[in-house]
Visitor: 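One structure follows; several queries about it will come next.
Everything quoted here is computed from the prediction, not taken from an experiment. By convention in this document, chain letters (A, B, ...) are assigned in the order of the sequence lines, proteins followed by strands, and residues within each chain are numbered from 1.
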Amino acid sequence: MFDSPERLLLGLLIGIVFGVLLQKGQVAKFSVIVGQFVLKDWTVVKIMGTAVVVGSVGVYALVALGHADLHVKPLLLGGVLLGGVCFGVGMVVLGYCPGTGVAACGEGKPDAMVGVLGMLAGALAFVAAWPALQPVIKGLGDMGKITLPSVTGTSPWLWIAGLWIAGLTTLLIVARRGNPPSSRTAQSRAASAPVSPNKSQGSGPFRPVAAIRH
Amino acid sequence: MINPLTMKSWSPYGVGIGVGVLSWFAFAVADQPLGISTAFEHTAALMEKAAVPQVEQTNEYFATKAEAGKSPKIGLGWMLVLGVFVGAWLSSWLSGDRSSEAVPAMWRERFGGSVPLRLAAATSTALAIYGRKEQSHV
């Protein structure tokens with residue numbers, strides 16, 4: 001029923017850091033999440049792209065050194081297709097994904113609070129309907145816990161190199177085309193409450209990294 | 001130097017690096033990925049078990065999860081979700097970046113300023129978000 005107190009505390013600490021990052025990343029906001037889907041605000045791609053390239057190399061290094069295990073989920077095509085479509089509709093209309101929705105509750109947003117209740121209702125329905133859902137989820141086959149390196153019999157580092165090239169290229173293109181964060185702040189400043197001018201944005205990409213380490 | 005926690009926002013690249021490094025930490029120390037939705041599923045399963053104890057026998061969800069060593073519990077992942085709330089609250093409180101606005105500006109432009117409409121849409125489509133859980137069976 002409960003993990004050990006140390007693990008509970010560890011979870012809370014990881015969560016607090018994650019929550020601060022999501023809030024400072026401005027992704028606990030409807031305009032930023034939906035702005036990404038209408039291709040007007042590239043914050044989500046910048047954060048996720050950077051997190052994926054940084055995360056992949058570290059996690060695979062930990063696995064190679066024997067300090068971590070991958071948690072590969074089975075590839076169930078029926079579940080992925082149906083679940084993906086449901087998730088997409090939900091994310092765009094609600095304007096938050098589960099993690100950013102919880103963070104938006106922390107910011108005080110009522111729409112995110114009812115959204116979290118909706119997600120809990122969805123989870124209640126999912127657990128109750130679990131036996132009936134199995135044929136749908138496995139309808140298009142269960143391909144097992146596969147990864148691209150395991151299917152192709154190649155080194156994961158080959159794929160990580162490819163991921164870095166693809167990720168950095170995307171980030172470069174986005175950095176040239178995407179809105180700078182300051183223009184978004186200017187828009188929200190015009191739209192809502194006045195913002196004190198001395199609380200400025202981080203100036204360069206590396207300054208906030210120092211901020212995270214503090 | 002300005003306290004970074006009182007800043008309204010950080011560079012998205014810096015935040016991305018932070019999330020990436022946090023995921024290394026989660027894998028190495030906690031042996032699990034940064035995930036949110038499993039905690040909702042476990043909360044729901046525990047609520048259903050508390051309300052109708054027989055459900056543990058009648059719904060094969062519980063037997064399957066127990067067999068895989070993944071019985072619903074208040075665990076590290078559950079506390080992580082609580083932590084996200086606390087962290088976002090702390091961060092927005094320190095920077096003053098808080099809002100109790102139910103209808104976002106972008107939504108108002110398209111669908112009008114009705115609060116009940118916005119909240120109903122948010123609640124009902126959040127249900128669909130949970131459909132993503134269909135992606136995994138254990």
Visitor: Please look at A:His71 and chain B and tell me whether the side chain, the backbone, both or neither of the residue comes under 4.5 angstrom of a heavy atom of that chain.
Guide: both

Visitor: Heavy-atom cut-off 4.5 Å, strictly under: side chain, backbone, both or neither for B:Phe25 against chain A?
Guide: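 Only the side chain of B:Phe25 comes within 4.5 Å of chain A.
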
Visitor: Under 4.5 Å heavy-atom distance to chain B, tell me which part of A:Val53 shows up: side chain, backbone, both or neither.
Guide: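 Looking at A:Val53, nothing touches chain B.
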
Visitor: Counting only heavy atoms closer than 4.5 Å, note whether B:Leu46 contacts chain A via side chain, backbone, both or neither.
Guide: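 Contact with chain A: side chain only.
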
Visitor: Which atoms of B:Ser71 are under 4.5 Å from chain A, going by heavy atoms: the side chain, the backbone, both sets, or neither?
Guide: neither

Visitor: Need one label for A:Ala28: side chain, backbone, both or neither, based on atoms under 4.5 Å from any heavy atom in chain B.
Guide: neither

Visitor: Under 4.5 Å from any heavy atom of chain B, what part of A:Leu8 do you find: side chain, backbone, both or neither?
Guide: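 Interface part for A:Leu8: both.
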
Visitor: If you count the non-hydrogen atoms of other residues, nucleotides and ligands that lie under 6.0 Å from CE in A:Met113, is the total more than 12?
Guide: yes

Visitor: For the residue pair B:Trp89 and B:Trp93, does the interplanar ring angle fall in the parallel (under 30°), tilted (30 to 60°) or perpendicular (over 60°) class?
Guide: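 The arrangement is parallel - the two ring planes meet at less than 30°.
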
Visitor: Checking B:Leu34 against chain A: side chain, backbone, both or neither under 4.5 Å from a heavy atom?
Guide: side chain

Visitor: Run the salt-bridge test on A:Lys29 and B:Asp97 with the 4.0 Å N-O cut-off and return the result as yes or no.
Guide: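 Looking at A:Lys29 and B:Asp97, the cut-off is met.
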
Visitor: Is A:Ala112 close to chain B through its backbone or its side chain, or both, or neither, when contacts mean heavy atoms under 4.5 Å?
Guide: neither

Visitor: What part of B:Leu22 gets within 4.5 angstrom of chain A, counting heavy atoms only: side chain, backbone, both, or neither?
Guide: side chain

Visitor: So for B:Val55, is it side chain, backbone, both, or neither that comes closer than 4.5 Å to the heavy atoms of chain A?
Guide: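 Contact with chain A: none, neither part.
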
Visitor: At a 4.5 Å cut-off on heavy atoms, which part of A:Leu9 comes close to chain B: side chain, backbone, both, or neither?
Guide: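 Neither part, no heavy atoms under 4.5 Å.
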
